[in-house]
Undergrad: 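Take this structure, written in structure tokens, and hold onto it; I'll ask about it next.
A quick note: this is a predicted structure, and the numbers were derived from the prediction, not measured. Letters A, B, ... mirror the listed sequences (proteins, then strands); counts begin at 1. Just so you know, these numbers use all the heavy atoms, side chains as well, and skip hydrogens, waters and symmetry mates.
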Protein chains: 2
Amino acid sequence: MTHMSPKIPCKQCPLRATGAFSANTDSEIEFIEHMKKREISVGAGSSILREGDDRKELFTLLSGWAFRYRTLSDGRRQIFNFLLPGDFIGLQHQLDARHPHGVETLTESTLCVFPSDRLWDLYRTHPALGFDITWLTANEELIVDENLLSVGRRSATERIAMLMIHLYKRAERLGMVEPDGLRLPLNQQHIADALGLSLVHTNKTLKRLNAAGLYTLKDGRLKLVNPAAMARLADYYALPLRPRPLI
Amino acid sequence: MTHMSPKIPCKQCPLRATGAFSANTDSEIEFIEHMKKREISVGAGSSILREGDDRKELFTLLSGWAFRYRTLSDGRRQIFNFLLPGDFIGLQHQLDARHPHGVETLTESTLCVFPSDRLWDLYRTHPALGFDITWLTANEELIVDENLLSVGRRSATERIAMLMIHLYKRAERLGMVEPDGLRLPLNQQHIADALGLSLVHTNKTLKRLNAAGLYTLKDGRLKLVNPAAMARLADYYALPLRPRPLI
DNA sequence: GGAGGGCAATGTAGTAAGACATAGCCGCGA
DNA sequence: TCGCGGCTATGTCTTACTACATTGCCCTCC
């Protein structure tokens with residue numbers, strides 16, 4: 001399932017070509033490339049990190065979709081966030097001997113793997129990269145805040161509208177939206193677990209939103225028919241599009 | 001309401017005396033002290049940051065309680081987290097021109113104020129402090145994750161149990177628990193807004209937990225009668241007690 | 001071609017939680 | 001001493017959401 005891939009040189013990183021990420025100096029990119037231990041490719045539904053793991057590694061999702069979650073001891077699961085290319089994984093690990101959450105892929109994915117014991121070197125020799133890592137962490141927190149607002153205070157309909165528009169915008173920025181829509185690899189159980197809803201209620205609410213003509217979903221391709229109405233429904237406020245760091 | 005206080009030298013910071021925080025070198029403490037622009041004291045219910053603010057400042061809560069929240073345009077409010085002494089405020093601001101959330105005090109509080117344009121200097125000249133800031137950010141995210149798990153997947157009873165034990169443990173670590181219990185400056189509306197519940201339902205659930213003998217709350221003093229039962233109810237997992245950074 | 005698994009759709013019934021209204025308590029200030 | 005505002009308490013009614021059960025569709029695998 002998991003296997004090593006030939007290591008793509010960071011200088012030719014396909015993500016950097018999208019324009020969504022901020023530039024780095026040659027020295028910084030060399031450092032990242034040197035720190036990058038290997039690259040792995042995994043299938044859909046693979047576990048990258050398990051809850052309670054003590055693996056000391058950091059990852060950058062290079063391609064594919066994944067999600068971060070945690071389960072209660074009786075099996076109830078909450079998805080914290082969905083991960084898209086460029087997202088950084090594993091920092092929480094610094095806080096505890098074990099990983100507080102799990103990470104699982106939704107599609108075939110490739111990931112860059114970094115040993116976490118090089119992290120301190122990174123801060124010491126390239127403070128700008130250290131700053132970038134803080135940025136990425138703060139950004140992740142911002143998204144979780146937003147999800148908490150959804151789950152805590154939005155209705156089921158609003159939550160789904162919010163999730164759709166939010167994922168759509170994030171993917172759009174990475175150039176993942178194609179003419180026939182966005183390939184959305186979530187099933188209804190994922191949506192339910194991300195939004196704190198039951199599977200059945202998610203299904204019914206999705207149908208209602210669909211019947212209202214707000215979106216179409218054919219063969220896993222999502223199209224927002226009326227993004228403005230969707231955004232209004234969700235009380236969505238878009239952050240300005242600025243290049244973001246990439247490690 | 002807000003007024004400047006005489007600046008406490010960081011070396012004699014009362015928080016450092018609690019033992020809950022990790023040590024810093026003299027040079028680091030000098031840098032922090034130099035970066036600290038001023039100190040402010042505010043009353044209970046003061047707004048430190050408003051949603052949408054464009055103030056470019058960072059804060060450390062030196063004493064008192066506060067909370068971080070956001071409101072939807074129709075007024076529904078979600079509290080993301082409660083802030084205790086030592087918590088760092090304002091980093092999200094780096095991501096956008098405006099502050100995505102508000103911060104309000106629950107008690108009289110004092111805060112250290114740092115200009116955010118010194119932040120880059122901090123990373124450059126004291127990488128270990130940069131690392132600490134990442135740590136604090138990741139830690140905040142961890143707590144929000146936990147809250148999202150509560151609001152998304154725990155029952156009302158479990159949510160309240162979780163909130164109580166979580167706040168209790170955090171406060172305990174800072175030496176804020178006194179023989180007659182912990183001074184808890186939240187009202188039921190705060191609890192409701194943090195847990196995604198209505199005020200009425202919060203009230204009834206509190207009463208039930210109280211009747212079950214799990215806690216007592218007299219004159220704002222919280223005591224956990226049976227912390228183990230509370231923890232079991234909440235499926236609570238405590239992070240190991242390690243010293244944490246302080247800026 | 002049939003069995004089986006993963007997923008969406010739908011009906012029914014039950015319940016946890018919300019909405020609304022009201023009342024009591026307490027501290028505070030005029 | 002009275003009224004007022006902030007907070008907790010409680011009752012009743014409603015509903016959004018969950019739990020459970022079933023059906024149907026589309027794959028894939030033998």
Side-chain angles (χ1 to χ4, degrees), chain A residues 43-46 67 72 74-79 104-107 150-161 163-164 183-212 215-222 233, chain B residues 43-46 65 67 72 74-79 104-107 150-164 183-212 215-222 233:
Chain A
S46 303
F67 64 93
L72 291 171
D74 65 359
R76 282 174 286 176
R77 178 175 76 170
Q78 177 66 38
I79 292 180
E104 193 177 311
T105 58
L106 287 163
T107 65
S150 277
V151 174
R153 286 302 181 218
R154 281 188 246 249
S155 71
T157 310
E158 293 165 341
R159 287 180 216 185
I160 290 185
L163 181 66
M164 279 195 184
R183 175 87 251 283
L184 201 68
L186 322 181
N187 63 28
Q188 298 188 348
Q189 185 66 64
H190 292 120
I191 298 177
D193 285 349
L195 299 181
L197 298 170
S198 74
L199 180 60
V200 175
H201 197 58
T202 301
N203 179 288
K204 290 173 181 170
T205 310
L206 275 170
K207 281 220 62 179
R208 232 175 295 133
L209 267 176
N210 194 0
Y215 77 95
T216 64
L217 188 56
K218 259 181 285 188
D219 305 327
R221 302 270 167 185
L222 173 71
L233 183 57
Chain B
S46 302
W65 289 67
F67 64 94
L72 291 171
D74 65 358
R76 282 173 285 175
R77 179 175 75 170
Q78 177 66 38
I79 293 180
E104 193 177 312
T105 57
L106 288 163
T107 64
S150 276
V151 174
R153 288 300 181 218
R154 282 188 246 248
S155 71
T157 310
E158 292 164 341
R159 287 181 216 185
I160 291 185
M162 184 66 201
L163 180 67
M164 280 195 181
R183 175 86 250 285
L184 200 69
L186 322 181
N187 63 27
Q188 298 186 349
Q189 186 66 62
H190 292 121
I191 298 177
D193 285 349
L195 299 182
L197 298 169
S198 75
L199 180 60
V200 175
H201 196 61
T202 301
N203 179 287
K204 290 173 182 173
T205 309
L206 275 170
K207 281 221 61 180
R208 232 174 296 132
L209 267 176
N210 194 359
Y215 77 95
T216 64
L217 186 56
K218 260 182 283 191
D219 306 326
R221 303 271 166 183
L222 173 71
L233 183 56

Undergrad: In whole Å, I'd like the distance from the CG atom of B:Asp219 to the P atom of C:dC26.
TA: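 For the pair B:Asp219 CG and C:dC26 P, the rounded distance is 11 Å.
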Undergrad: Give a yes or no on whether the backbone of B:Leu206 and the side-chain of B:Tyr215 come within a donor-acceptor separation of less than 3.5 Å.
TA: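 Yes; at least one donor-acceptor contact below 3.5 Å.
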Undergrad: For B:Asn187 and D:dG6, give me the distance from atom CG to atom C1', rounded to whole Å.
TA: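 Computing the B:Asn187:CG to D:dG6:C1' distance gives 9 Å.
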Undergrad: What is the distance, rounded to the nearest whole Å, between atom CG of B:Leu186 and atom P of D:dC7?
TA: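 My rounded result for the distance is 12 Å.
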Undergrad: Base, backbone or nothing for each nucleotide of nucleotides 10-22 of chain D, written B, S, -, heavy atoms under 4.0 angstrom, 5' to 3'?
TA: BBB----BB-B--
Undergrad: Under a 3.5 Å cutoff, is there a donor and acceptor pairing between the side chains of B:Asn187 and B:His190?
TA: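 Yes, B:His190 and B:Asn187 have a side-chain donor paired with an acceptor closer than 3.5 Å.
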Undergrad: What is the distance, to the nearest angstrom, from the CG atom on A:Leu184 to the P atom on C:dA8?
TA: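 In whole Å, C:dA8 P lies 11 Å from A:Leu184 CG.
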Undergrad: Starting from P on C:dT10, measure out to CG on A:Leu206 and report it in whole angstrom.
TA: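 Roughly 12 Å, once rounded to whole Å.
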Undergrad: Tell me the closest heavy-atom pair linking A:Gln188 and A:Asn203, and the distance in Å.
TA: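 Minimum heavy-atom contact is OE1-ND2, 2.8 Å.
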Undergrad: For B:Arg159, which of B:Leu197, B:Thr202, B:Ile191, B:Thr205 qualifies under side-chain contact (heavy atoms from CB on, under 4.5 Å)?
TA: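 Among B:Leu197, B:Thr202, B:Ile191, B:Thr205, the one meeting side-chain contact (heavy atoms from CB on, under 4.5 Å) with B:Arg159 is B:Leu197.
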Undergrad: Could you report the tightest heavy-atom contact between B:Phe67 and B:Arg77, atom names first, then the distance?
TA: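 Scanning both residues, the minimum pair turns out to be CZ-NH1, 3.5 Å.
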Undergrad: Quick one: which protein N/O atoms are closer than 3.5 Å to N/O atoms of nucleotides 25-27 of chain D? Pair and distance per line, please.
TA:
none

Undergrad: Judged by atom type as modelled, is there a donor-acceptor pair below 3.5 Å linking the side chain of A:Ser46 to the main-chain atoms of A:Thr105?
TA: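 No: the side chain of A:Ser46 does not pair with the backbone of A:Thr105.
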Undergrad: Work out which heavy atom in A:Glu158 is nearest to a heavy atom in A:Ser155; give both atom names and the distance.
TA: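 Heavy atoms of A:Glu158 and A:Ser155 come nearest at OE1-N, 2.8 Å.
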Undergrad: Decide yes or no for B:Asn210 and B:Leu217: does some side-chain heavy atom of the first lie under 4.5 Å from some side-chain heavy atom of the second?
TA: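 Not touching, per the 4.5 Å side-chain cut-off.
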Undergrad: Expressed as a whole number of angstroms, how long is the span from A:Gln188:CD to C:dT10:P?
TA: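 From A:Gln188 CD to C:dT10 P: 11 Å.
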Undergrad: In whole angstrom, what separates A:Leu106's CG from C:dC7's C1'?
TA: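 Atom-to-atom, A:Leu106 to C:dC7, this comes out as 15 Å.
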Undergrad: Hey, does the side chain of B:Arg76 reach the backbone of A:Arg153 with a donor-acceptor pair shorter than 3.5 angstrom?
TA: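 Answer holds: yes.
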Undergrad: So does A:Gln189 get a side-chain nitrogen or oxygen closer than 4.0 Å to the phosphate oxygens (OP1/OP2) of C:dA8?
TA: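 Checking C:dA8 against A:Gln189, no side-chain N or O comes under 4.0 Å of OP1 or OP2.
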